[in-house]
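Here's the structure, in structure tokens; my notes come after.
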Amino acid sequence: MGLPNIDWNALWRKTYADKQKPVRDPDFWDKRAPEFARHATASDYVGQFMAIMKPLPDWSVLDIGCAAGTLAVPLAPSVKSVTAMDPSTRMRELLKERCDRQGIDNIKIVDGKWEDDWDELGIGIHDVAIASRSLIVDDLRGAILKLQRHTSRRVYISTLVGDGPRDRKVVEAVGKKFCPGPDYIILINFLRQMGIFANLTFTCSDNEKCYSDVDDALNSMRWMVHGLTQTEENKLRNYLTKCLVRENGHWKLPYRRVVRWAIVWWDKNCVENP
């Protein structure tokens, strides 16, 4: 079955070791919440994910790591209900504000994370579970088993492809080593070892952005460097000052990046060893 001599769970854990601590901290996401929410709303990722998912009106959906409602809000009109779970206080506040503003009443917001006891949180079983860009876990096996227990029909996961949304050149410009998270191929092989026959496709976004000035670019990119110090910020400012180019009244980086996310999904009845 698959590649039985490779411990894909251990490989996942090892790959995440260098970068996981900061992004697992709710304070990190509290600080990033407003900027993240603005970017998520403007991104074409949501439309591509929804086109792949094809939500049905009778679905109850569990959204793990929902952020400020990146998927929960656009899903709400198309499904019966959404349970939106996130450990970041600010993300949950922004989601509540969006629901109030748009008159959405079928989203239940829960303070919770992967490591919590979901039964104690009252999560229950949903028709569909989604972990959109939120599979930030040490124990991949435990996370998949938890998804299986709380899902009756289908699971959707989106995860990194290559470098993901972080720009390697930006990180290296401040003198830090770039440590990408685990690539989707680890997840696919691990699922096969578990007897899960998963589907795979990709979203694709041209990540070319325009900035009004160096400060605008710096503010947009500072999240890419965890724990950015003043010295590192100065290095990043110098890098941007040198490399940004003027085009049509805006500033851009002199190169284009294509960001892909792997969308992996499976039906509960397509599991070899349920």
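Please read all numbers here as calculations on a predicted model, not as lab measurements.
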* Structure fact -> Nearest heavy-atom contact between A67 and D86 is N-OD2, 2.8 Å
* With a cut-off of 6.0 Å (strictly less than), are more than 12 heavy atoms of other residues, nucleotides or ligands near NZ of K96? -> no
* **Non-hydrogen atoms of A129 and L147 that approach each other most closely** => CB-CD2, 4.0 Å
* Asked: If every non-hydrogen atom of K176 is compared with every non-hydrogen atom of V225, which pair is closest and at what distance?
  -> CD-CG1, 3.8 Å
* Asked: Who are the side chain to side chain contact (heavy atoms under 4.5 Å, CB included) partners of T229, not counting sequence neighbours?
  -> T231, E232
* Partner set under salt bridge (Lys or Arg N to Asp or Glu O under 4.0 Å) for D215, not counting sequence neighbours -> R237
* Should I186 and L145 be regarded as members of a common hydrophobic cluster, given that ILVMFWY residues are connected when their side-chain heavy atoms come within less than 4.5 Å of each other, either directly or indirectly? -> yes
* Heavy-atom donor-acceptor pair, R92 side chain to M85 backbone, under 3.5 Å -> no
* Under the side chain to side chain donor-acceptor pair (under 3.5 Å) test, residues paired with D139 that sit two or more places apart -> N9
* Can you name the nearest heavy-atom pair linking I52 to T201, along with the distance? -> CD1-CG2, 3.5 Å
* Sequence neighbours excluded - ring pair (Phe, Tyr, Trp, His ring centres under 6.0 Å) pairs with any residue from residues 169-204 -> Y184-F202
* Pairs in or reaching into residues 49-63: which pass salt bridge (Lys or Arg N to Asp or Glu O under 4.0 Å), with residues at least two apart or in two chains? -> D58-R153
* Asked: So is K169 actually on top of Y255's ring, under 6.0 Å and inside 45° of the axis?
  -> yes
* Treating Ile, Leu, Val, Met, Phe, Trp and Tyr as nodes and any side-chain heavy-atom pair under 4.5 angstrom as an edge, say whether W12 and L200 lie in one connected cluster. => yes
* **Distance-only polar pair, side chains of S158 and Y45, donor-acceptor under 3.5 Å** => yes
* Is there a side-chain contact between V61 and D127, using heavy atoms and a 4.5 Å cut-off? -> no
* Please examine the side chains of E233 and R222, heavy atoms only from C-beta on, and report whether any two atoms are closer than 4.5 Å. => yes
* To do: Determine whether R168 and V170 make a side-chain contact, defined as any pair of heavy atoms from C-beta on separated by less than 4.5 Å.
  => no
* To do: Using the test side chain to side chain contact (heavy atoms under 4.5 Å, CB included), find all partners of P57 that sit at least two apart in sequence or belong to another chain.
  => none
* To do: Check whether more than 12 heavy atoms from other residues, nucleotides or ligands sit under 6.0 Å from atom CZ of R141, and answer yes or no.
  => no
* If we ignore angles and hydrogens, is there a donor and acceptor under 3.5 Å between the side chains of H250 and S212? -> no
* Asked: Where do A68 and L94 come nearest, in terms of heavy atoms and distance?
  -> CB-CB, 3.8 Å
* Do Q230 and N234 have a side chain donor and acceptor closer than 3.5 Å? -> yes
* Within 45° cone and under 6.0 Å: K146 NZ/CZ vs W118 ring -> yes
* Do N106 and S81 have side-chain atoms, one donor and one acceptor, less than 3.5 Å apart? -> no
* May I ask you to test the Q148-I196 pair for a side-chain heavy-atom distance under 4.5 Å? => yes
* To do: Look at the side-chain heavy atoms of Ile, Leu, Val, Met, Phe, Trp and Tyr, link any pair under 4.5 Å apart, and say whether V258 and V46 land in one connected group.
  => no
* Linking I/L/V/M/F/W/Y whenever any side-chain heavy atoms sit under 4.5 Å apart, do I125 and I130 land together? -> no
* To do: Kindly confirm or rule out a cation-pi arrangement of R154 over W266, judged by NZ or CZ under 6.0 Å from the six-membered ring centre and within 45° of its axis?
  => no
* What heavy-atom pair brings I188 and A198 nearest, and what distance separates the two atoms? -> CD1-CB, 4.5 Å
